[in-house]
K.L.:
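Take a look at the following structure, please.
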Amino acid sequence: MPELPEVETVRRMLESHVLGRVTRSVRLSSQKLRSSAIPAGFAKRLTGRRLLAARRHGKYLMIDWSDGLTLLSHLGMSGRWLFYPDQPPNHLEHVHLRVEFADGSRLWFQDPRRFGLLRLVPTERLDRDPSLALLGPDPIATPPTAEGLMEIARNTRIAVKNFLLDQRRLAGIGNIYASEILHRAAVDPRRRSGLLGEDEWRRIAAEIPAVLTEATERMGTTFSMYRTLWNEPGTYGDRLTVYDRAGEPCLICGTPIRRIVQGQRSTFFCPSCQAKRKGTKSRIPQPRRGGRPRRRPS
DNA sequence: ATCCTATCCTGTAGGC
DNA sequence: TGCCTACAGGATAGGA
């Protein structure tokens with residue numbers, strides 16, 4: 001579910017509202033997350049620690065605690081960090097981690113599908129963690145250049161949509177924003193990365209941070225699962241130009257948006273704006289203003 | 001090496 | 001209403 005903008009939204013909220021709090025009790029669910037190696041003593045090691053910083057690389061969130069401890073987390077498809085200053089809900093399913101702070105506030109990690117990750121790592125060894133070690137640059141911390149992308153793409157035959165999803169090349173883009181970026185860059189998602197021209201990479205390089213930043217400003221995109229730290233939906237769904245709009249008119253040219261499957265995942269694009277030609281001088285689609293509200297999250 | 005497929009889970013929407 | 005299928009924002013092991 002969550003891509004860079006959703007994780008960054010949560011990170012900012014942790015930074016502004018949870019920083020400095022000290023843990024009083026920590027409870028782990030017995031239900032195991034798919035990718036978490038949770039060592040014995042997890043809860044005990046986190047007890048009595050002060051939250052010092054919240055960092056992010058790509059879709060990974062890193063929460064630093066006192067005494068050199070970092071909680072590495074990935075939201076997978078359905079993970080949520082939720083903060084309750086006062087009363088937490090009585091019944092909430094799939095809560096894997098419950099942290100209670102000394103002031104009575106609580107921080108929970110919920111993940112119904114259990115594709116997420118929680119791992120407690122010594123801060124100094126974080127960069128050697130297998131999940132982080134292979135990640136490419138974060139496109140917000142290090143905005144990509146046309147030249148850089150072209151270099152990474154040299155000699156690869158992978159479709160550009162799947163290229164954008166590969167976290168070892170760039171860390172943070174997921175299935176929604178890959179489609180959005182390519183639509184705004186006017187590049188056909190099926191094009192082989194190694195065959196794209198410099199002008200196309202230039203447009204892609206510009207749209208990557210543009211789309212991710214705009215989405216972050218709107219606290220991400222909520223279809224169903226994703227929520228902010230305050231359990232609120234993100235509103236970038238109102239700005240999506242192609243994702244989940246199969247059959248609806250392209251906001252630039254009116255051509256019906258198409259859905260195809262690449263790597264067992266949906267890709268949405270405009271067959272006209274993103275015509276499969278090299279060096280096309282297409283108009284760059286602009287984000288829509290206002291527009292009809294998207295489906296309300298449940 | 002590179003690319004692709006299947007798989008891990010639960011919840012929900014839509015067709016009948 | 002209920003049953004069934006398809007699909008969902010991700011990463012990754014293993015095979016071609």
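In the text below, chain A, chain B and the rest are named by the order of the sequence lines, each starting its count at 1. Remember, it's a predicted structure, so these values are computed and weren't measured experimentally. The basis for the numbers below is simple: all heavy atoms, side chains too, and nothing from hydrogens, waters or symmetry mates.
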K.L.:
Tell me whether the rings of A/Trp201 and A/Phe163 are parallel (<30°), tilted (30 to 60°) or perpendicular (>60°).
P.N.:
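Judged by the thresholds at 30° and 60°, the geometry between A/Trp201 and A/Phe163 is tilted.
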K.L.:
So A/Trp108 and A/Tyr84, would you call those rings parallel, tilted or perpendicular, with 30° and 60° as cut-offs?
P.N.:
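A/Trp108 vs A/Tyr84 ring planes: perpendicular.
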K.L.:
For atom P, what is the distance between C/dA11 and B/dA1, given to the nearest Å?
P.N.:
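Here C/dA11 and B/dA1 have their P atoms 22 Å from each other.
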K.L.:
Decide yes or no on ring-ring contact (aromatic ring centres under 6.0 Å, His included) for A/Tyr226 and A/Tyr236, but give the supporting numbers first.
P.N.:
CA-CA 12 Å; A/Tyr226 162 72; A/Tyr236 193 74; over 10 Å; no
K.L.:
Over all strands shown, is A/Arg169 touching base, sugar-phosphate only, or nothing at heavy-atom distances under 4.0 angstrom?
P.N.:
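Here A/Arg169 touches the backbone only, sparing every base.
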K.L.:
Rounded to the Å, how far apart are A/Arg265 CZ and B/dT5 C1'?
P.N.:
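Between C1' of B/dT5 and CZ of A/Arg265: 14 Å.
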K.L.:
Examine C/dG10: is either OP1 or OP2 under 4.0 Å from a nitrogen or oxygen in the side chain of A/His74? Give yes or no.
P.N.:
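It does not, given that no N or O in the side chain of A/His74 lies less than 4.0 Å from OP1 or OP2 of C/dG10.
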K.L.:
In whole angstrom, give the distance that lies between atom CG of A/Asp244 and atom C1' of C/dA8.
P.N.:
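Interatomic distance, CG of A/Asp244 to C1' of C/dA8: 10 Å.
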K.L.:
Report yes if at least one side-chain N or O of A/Thr156 is closer than 4.0 Å to OP1 or OP2 of B/dT2; otherwise report no.
P.N.:
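A/Thr156 to B/dT2 OP1/OP2: no side-chain N or O under 4.0 Å.
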K.L.:
Does a nitrogen or oxygen in the side chain of A/His94 sit under 4.0 Å from OP1 or OP2 of B/dC9?
P.N.:
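No.
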K.L.:
At under 4.0 Å, does any side-chain N or O of A/Arg114 touch on OP1 or OP2 of B/dT10?
P.N.:
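Looking at the OP1 and OP2 atoms of B/dT10, one of them is under 4.0 Å from a side-chain N or O of A/Arg114.
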K.L.:
Looking at C/dC7, B/dC8, C/dA11, which one has an atom nearest to any side-chain atom of A/Phe115?
P.N.:
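From the listed options, B/dC8 comes nearest.
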K.L.:
How many whole angstroms separate atom CD of A/Gln262 from atom P of B/dC4?
P.N.:
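Nearest whole value for this atom pair: 10 Å.
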K.L.:
Please give the nucleotide sitting opposite B/dC9 as a Watson-Crick or G-U wobble pair, both distances under 3.5 Å, or none.
P.N.:
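With both distances under 3.5 Å required, B/dC9 matches none.
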K.L.:
Measure from CG on A/Asp111 to C1' on C/dA11 and round the result to the nearest Å.
P.N.:
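In whole Å, C/dA11 C1' and A/Asp111 CG are 13 Å from each other.
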K.L.:
Measuring from the side chain of A/Tyr60 (C-beta onward, heavy atoms only), which nucleotide among B/dG11, C/dG10, C/dT12 has the closest atom?
P.N.:
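The listed nucleotide nearest to A/Tyr60's side chain is C/dT12.
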K.L.:
Between B/dG11, C/dC7, B/dC8, which one does the side chain of A/Arg34 approach most closely?
P.N.:
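Nucleotide nearest to A/Arg34's side chain: B/dC8.
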K.L.:
Could you state the atom-to-atom distance from CD of A/Gln167 to P of C/dG10 in whole Å?
P.N.:
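Distance, rounded to whole Å: 8 Å.
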K.L.:
Does A/Thr222 reach the main-chain N or O of A/Gly234 with its side chain, forming a donor-acceptor pair under 3.5 Å?
P.N.:
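Yes, the answer is positive, given that a donor and an acceptor are paired below the 3.5 Å cut-off.
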K.L.:
Measure the acute angle between the ring planes of A/His96 and A/Phe109, then classify it against the limits of 30° and 60° as parallel, tilted or perpendicular.
P.N.:
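Tilted: the ring planes of A/His96 and A/Phe109 meet at 30° to 60°.
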K.L.:
Calculate the interatomic distance between A/Asn162 atom CG and B/dT5 atom C1'; express it in whole Å.
P.N.:
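Rounded to whole Å, this separation is 12 Å.
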K.L.:
What do the steps show when you test A/Glu8 against A/Thr216 for side chain to side chain donor-acceptor pair (under 3.5 Å), and what is the final call?
P.N.:
CA-CA 7 Å; A/Glu8 175 62 14; A/Thr216 302; over 6 Å; no
K.L.:
Would you mind telling me which residue lines up with the more 5' stretch of DNA chain B, A/Arg168 or A/Gln264, judged by nearest nucleotide?
P.N.:
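Whichever sits nearer the 5' end wins; that is A/Arg168.
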K.L.:
Rounded to the nearest angstrom, tell me the gap between atom CZ in A/Phe223 and atom C1' in B/dG11.
P.N.:
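The distance from CZ of A/Phe223 to C1' of B/dG11 comes to 16 Å, rounded to the nearest Å.
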K.L.:
Would you tell me if any nitrogen or oxygen in the side chain of A/Arg113 comes within less than 4.0 Å of OP1 or OP2 on B/dT12?
P.N.:
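For B/dT12, neither OP1 nor OP2 has a side-chain N or O of A/Arg113 closer than 4.0 Å.
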K.L.:
Within the structure, does a side-chain N or O atom of A/Arg157 lie under 4.0 Å from either OP1 or OP2 of B/dT2?
P.N.:
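Answer is no, no contact under 4.0 Å.
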K.L.:
For B/dA1, give its Watson-Crick or G-U wobble partner with both distances under 3.5 Å, or none.
P.N.:
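Matched B/dA1 with nothing under the 3.5 Å cut-off.
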K.L.:
Provide, to the nearest angstrom, the distance between the CD atom belonging to A/Gln31 and the C1' atom belonging to B/dC9.
P.N.:
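These atoms are roughly 9 Å apart.
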